[in-house]
Chemist: 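Provided herewith is a single structure, encoded as structure tokens, for subsequent inquiry.
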Amino acid sequence: MKHALEKLVAQAVTRLQDAGELPADLALEIQIERTRDRRHGDFACNVAMILARQARRAPRELAQRIVSALPAMETVAAVEVAGPGFINFRLAPSAYHQVVRDIHAAGEAFGRSTVGQGRRVQVEFVSANPTGPLHVGHGRGAAYGAAVADLLVAAGFQVHREYYVNDAGRQMDILATSLWLRYLEHCGETLPFPANGYRGRYVIDIAADLHAREGRALHRPAARVFADLPPDEGAGGDKEAHIDALIARCRELLGEADYEKIFDFGLSAILDDIRSDLEEFGVVYEAWYSERSLLERGIAQRAIERLKQGGFLYEREGAWWFRSTQFGDEKDRVVIRENGQATYFAHDIAYHMDKMERGFERVIDIWGADHHGYVPRIKAALAALGDDPRRLDVLLVQFASLYRGGEKIPMSTRSGQFVTLRELRREVGNDAARFFYVLRKCEQHMDFDLDLAKSQSTDNPVYYVQYAHARICSVMRQLAEQGLVWDREQGLSELRQLVEEHEETLLVTLSRYPEVIETAALAHEPHQLAYYLRELAQAFHTYYNAHAFLVEAPPLRNARLALVLATRQVLANGLGILGVSAPEAM
RNA sequence: GCGCCCGUAGCUCAGCUGGAUAGAGCGUCGGCCUCCGGAGCCGAAGGUCAGAGGUUCGAAUCCUCUCGGGCGCGCCA
């Protein structure tokens with residue numbers, strides 16, 4: 001509808017240009033927007049006010065000329081000039097009746113748009129280190145990323161969801177070493193667990209599995225493990241030096257083959273946990289992309305080589321630096337350390353080079369806001385590689401704080417209380433978690449109120465929306481109990497029966513759905529959809545309270561049911577995009 | 001110190017690429033079930049859009065500065 005009106009106004013402007021009433025060289029985009037106030041009609045256009053200066057005419061007068069040049073359109077009932085120079089359009093009731101027919105015809109596909117034109121977009125999200133279970137912060141990235149991806153699908157993009165697995169690097173070595181130490185404990189050893197090791201309960205559990213599988217095959221005496229190591233933090237030493245020496249000792253005593261066995265055991269155990277956690281949360285990926293594979297396939301080396309050949313690297317103090325300042329970064333960055341090892345950043349450059357080479361027209365990275373300082377250097381690297389950094393969109397998700405009983409829950413890993421996504425899901429349920437996470441735009445800090453998310457009451461927006469869906473299902477059950485069926489054909493042909501104000505509100509709200517999908521998708525803002533669904537549910541509940549649907553007269557009854565069933569469809573479609581279920585009863 | 005994000009009703013937040021009297025939920029106060037599910041509906045009170053300048057027909061929205069809050073500034077990932 002919006003697009004149709006835009007074309008209409010554009011035609012009128014062109015007519016005026018042809019007639020010499022407007023300059024021929026106007027650069028403008030016709031904007032049609034929904035009116036905030038129904039007294040201003042359904043849609044408004046501000047083009048006359050924008051053009052007034054160039055056309056050297058008063059806005060209202062110009063608006064009047066545009067109106068007289070407008071071609072007729074069947075679904076437009078009235079056009080008028082209002083306020084400072086708005087052109088207001090009032091639609092004919094038939095325009096809204098068509099929406100109901102469209103919904104019934106398209107079903108699950110209603111609201112899908114073609115703006116994406118099948119363009120390939122990659123969405124990378126969560127990508128948490130596989131060194132432990134996901135926590136509630138990752139949950140927000142998961143819910144947000146999944147919703148953005150599904151919105152893009154609905155908007156006609158071809159979406160590739162990806163999880164970047166940091167399965168290389170020091171953190172993973174620390175995990176492997178931690179795991180082995182816990183394994184040794186299961187073998188009966190007593191040892192001083194390093195300050196910088198992973199102390200979580202899950203490491204002990206995985207170690208138990210490892211012990212069950214390997215028996216004592218990987219056992220070495222603790223005394224040999226800890227002999228002649230630099231002291232740990234607790235003993236007045238440096239925890240970093242201690243853990244690094246411990247990692248080296250671990251490899252030495254086990255040999256590479258057994259070390260790798262432990263490393264892979266830990267990696268796959270945690271990755272399996274993350275994968276199933278996300279799956280249960282309704283978050284699935286097209287690909288899990290391994291950091292190690294960048295090395296195995298020579299991609300990391302190739303990226304460095306390209307930068308070197310382009311003259312973007314230089315050597316200083318034994319390390320290789322990337323001239324990111326040349327592309328606006330605040331300082332140059334190390335890509336190859338003094339010890340010859342590539343940095344995480346070097347791998348990330350290679351990963352993003354590979355993303356571009358895979359031919360995505362648009363790449364979206366969803367990161368925690370604490371990584372924001374990282375954006376300029378990645379974009380710099382893309383520029384140096386000859387790619388267009390604008391193809392990469394980095395969406396930064398702010399932190400979520402949990403509240404219970406009005407108190408903020410401390411979220412440090414050490415506190416050990418209620419930090420995992422799994423625990424959150426268990427406490428409030430997947431639906432509430434998905435919906436709450438997506439209720440705020442990503443750059444907004446989020447206060448996640450556990451009591452509210454759990455409450456099965458009027459305060460909880462999730463249940464409010466779901467209840468609308470369940471209520472409609474219940475109405476249909478009532479219909480069946482009365483021995484009646486909905487006459488689809490009569491319902492769709494008797495839509496003119498819908499003359500109540502509440503019906504009009506519901507019709508208008510339904511007609512907005514495709515626009516909401518499109519704008520929410522292009523802006524990467526699933527919260528727009530969440531708010532819309534609340535509005536739609538409210539329009540329905542209000543209608544429900546004001547009028548009975550199961551009335552005696554068949555034409556009116558069937559028309560009302562057509563409207564209500566269309567509402568159910570849109571609720572289900574919208575909730576589906578957000579990963580929330582649409583229950584038939586609750 | 002520098003950089004990024006945020007500052008709208010008592011609380012939590014919307015406000016679409018600047019648009020016509022600033023919205024919602026919760027909370028507070030007052031109403032509505034012989035009727036399709038009261039997990040619902042209706043109504044009332046409540047804001048100098050942090051502050052100050054600027055841009056223009058028009059600013060919560062764009063620009064600059066100030067104040068306040070969060071986060072980041074590793075040869076960690």
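Here is how names work: the chains are called A, B, and so on, in the same order as the sequence lines, proteins then strands, and each is numbered from 1. The structure presented is a predicted model; accordingly, all values stated were derived computationally and were not measured.
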Chemist: Answer syn or anti for B/rC33, where the cut-off is 90° from 0 on the glycosidic torsion.
Modeler: syn
Chemist: Among B/rA24, B/rG15, B/rC16, find the nucleotide with the atom closest to the side chain of A/His527.
Modeler: B/rG15
Chemist: Starting from C1' on B/rA77, measure out to OH on A/Tyr374 and report it in whole angstrom.
Modeler: 8 Å
Chemist: Nearest of B/rC75, B/rG37, B/rA20 to any side-chain atom of A/Met586?
Modeler: B/rG37
Chemist: Want to know the stems of RNA chain B: at least 3 consecutive Watson-Crick or G-U pairs with distances under 3.5 Å, which are they?
Modeler: B:1-7 with B:67-73, B:10-13 with B:23-26, B:28-32 with B:40-44, B:50-54 with B:62-66
Chemist: Pairing donors with acceptors under 3.5 angstrom, does anything connect the side chains of A/Glu162 and A/Tyr351?
Modeler: yes
Chemist: Taking the side chain of A/Glu33 as heavy atoms from C-beta outward, which of B/rG19, B/rA14, B/rC75 is closest to it?
Modeler: B/rG19
Chemist: Rounded to whole angstrom, note down the P distance from B/rU61 over to B/rC16.
Modeler: 11 Å
Chemist: Check the interface with nucleotides 42-47 of chain B: list each N/O to N/O pair with the protein under 3.5 Å, or write none.
Modeler:
residue: B/rC42; atom: OP1; partner: A/Thr542; partner atom: OG1; Å: 3.1

Chemist: In whole Å, I'd like the distance from the CG atom of A/Asn46 to the P atom of B/rA20.
Modeler: 11 Å
Chemist: Ignoring the backbone of A/Tyr531, work out which of B/rA14, B/rC75, B/rU17 is nearest its side chain.
Modeler: B/rA14
Chemist: Send over the distance from A/His469 NE2 to B/rG37 C1', rounded to a whole Å.
Modeler: 15 Å
Chemist: For the pair made of CG in A/Asn196 and P in B/rA77, what is the distance, rounded to whole Å?
Modeler: 13 Å
Chemist: Whole angstroms only, please: what is the CZ-C1' distance between A/Phe540 and B/rG38?
Modeler: 14 Å
Chemist: Tell me whether the side-chain N/O atoms of A/Arg337 come closer than 4.0 Å to OP1 or OP2 in B/rA77.
Modeler: yes
Chemist: Output one line per pair: protein atom, nucleotide atom from nucleotides 29-36 of chain B, and distance, for all N/O pairs under 3.5 Å.
Modeler:
residue: B/rC36; atom: O2; partner: A/Phe549; partner atom: N; Å: 3.3
residue: B/rC36; atom: O2; partner: A/Leu550; partner atom: N; Å: 3.2
residue: B/rC36; atom: N3; partner: A/Phe549; partner atom: N; Å: 3.0
residue: B/rC36; atom: N4; partner: A/Tyr544; partner atom: O; Å: 2.4
residue: B/rC36; atom: N4; partner: A/His547; partner atom: O; Å: 2.3

Chemist: Determine the interatomic distance between P on B/rA9 and the same-named atom on B/rC49; round to the nearest Å.
Modeler: 10 Å
Chemist: Could you work out the separation of B/rA20 and B/rG40 based on their P atoms and round it to a whole Å?
Modeler: 31 Å
Chemist: Working to the nearest 0.5 angstrom, can you tell me the gap between A/Thr343 OG1 and A/Trp321 CH2?
Modeler: 10.5 Å
Chemist: Nearest whole angstrom, please: distance from the P of B/rA14 to the CG of A/Leu529.
Modeler: 15 Å
Chemist: Considering only atom C1', compute the distance from B/rG15 to B/rA59 and round it to an integer number of Å.
Modeler: 13 Å
Chemist: What residues, two or more places apart in sequence or in another chain, satisfy side chain to side chain contact (heavy atoms under 4.5 Å, CB included) together with A/Gln31?
Modeler: A/Asn46
Chemist: Say you pick atom P in B/rU55 and the same atom in B/rU48; how far apart are they, in whole Å?
Modeler: 26 Å
Chemist: Hey, does A/Tyr163 have a side-chain heavy atom less than 4.5 Å from the side chain of A/Glu124?
Modeler: no
Chemist: Ring-on-base stacking between A/Phe86 and B/rA20, under 5.5 Å between centres and under 30° between planes: is it there?
Modeler: yes
Chemist: Is there any protein nitrogen or oxygen under 3.5 Å from a nitrogen or oxygen in nucleotides 3-8 of chain B, and what are the pairs?
Modeler:
residue: B/rG3; atom: N2; partner: A/His372; partner atom: NE2; Å: 2.3
residue: B/rC5; atom: O2'; partner: A/Gln398; partner atom: NE2; Å: 3.4
residue: B/rC5; atom: O2'; partner: A/Glu443; partner atom: O; Å: 2.8

Chemist: Taking atom C1' of B/rU61 as reference, at what distance in whole Å does atom CD of A/Gln31 sit?
Modeler: 14 Å
Chemist: Side chain to side chain contact (heavy atoms under 4.5 Å, CB included) with A/Asp370: which residues, sequence neighbours excluded?
Modeler: A/Phe399
Chemist: Roughly how many Å apart are B/rU64 and B/rC6, using the P atom of each and rounding to a whole number?
Modeler: 14 Å
Chemist: Can you tell me how far C1' of B/rG37 sits from CD of A/Glu481, to the nearest Å?
Modeler: 12 Å
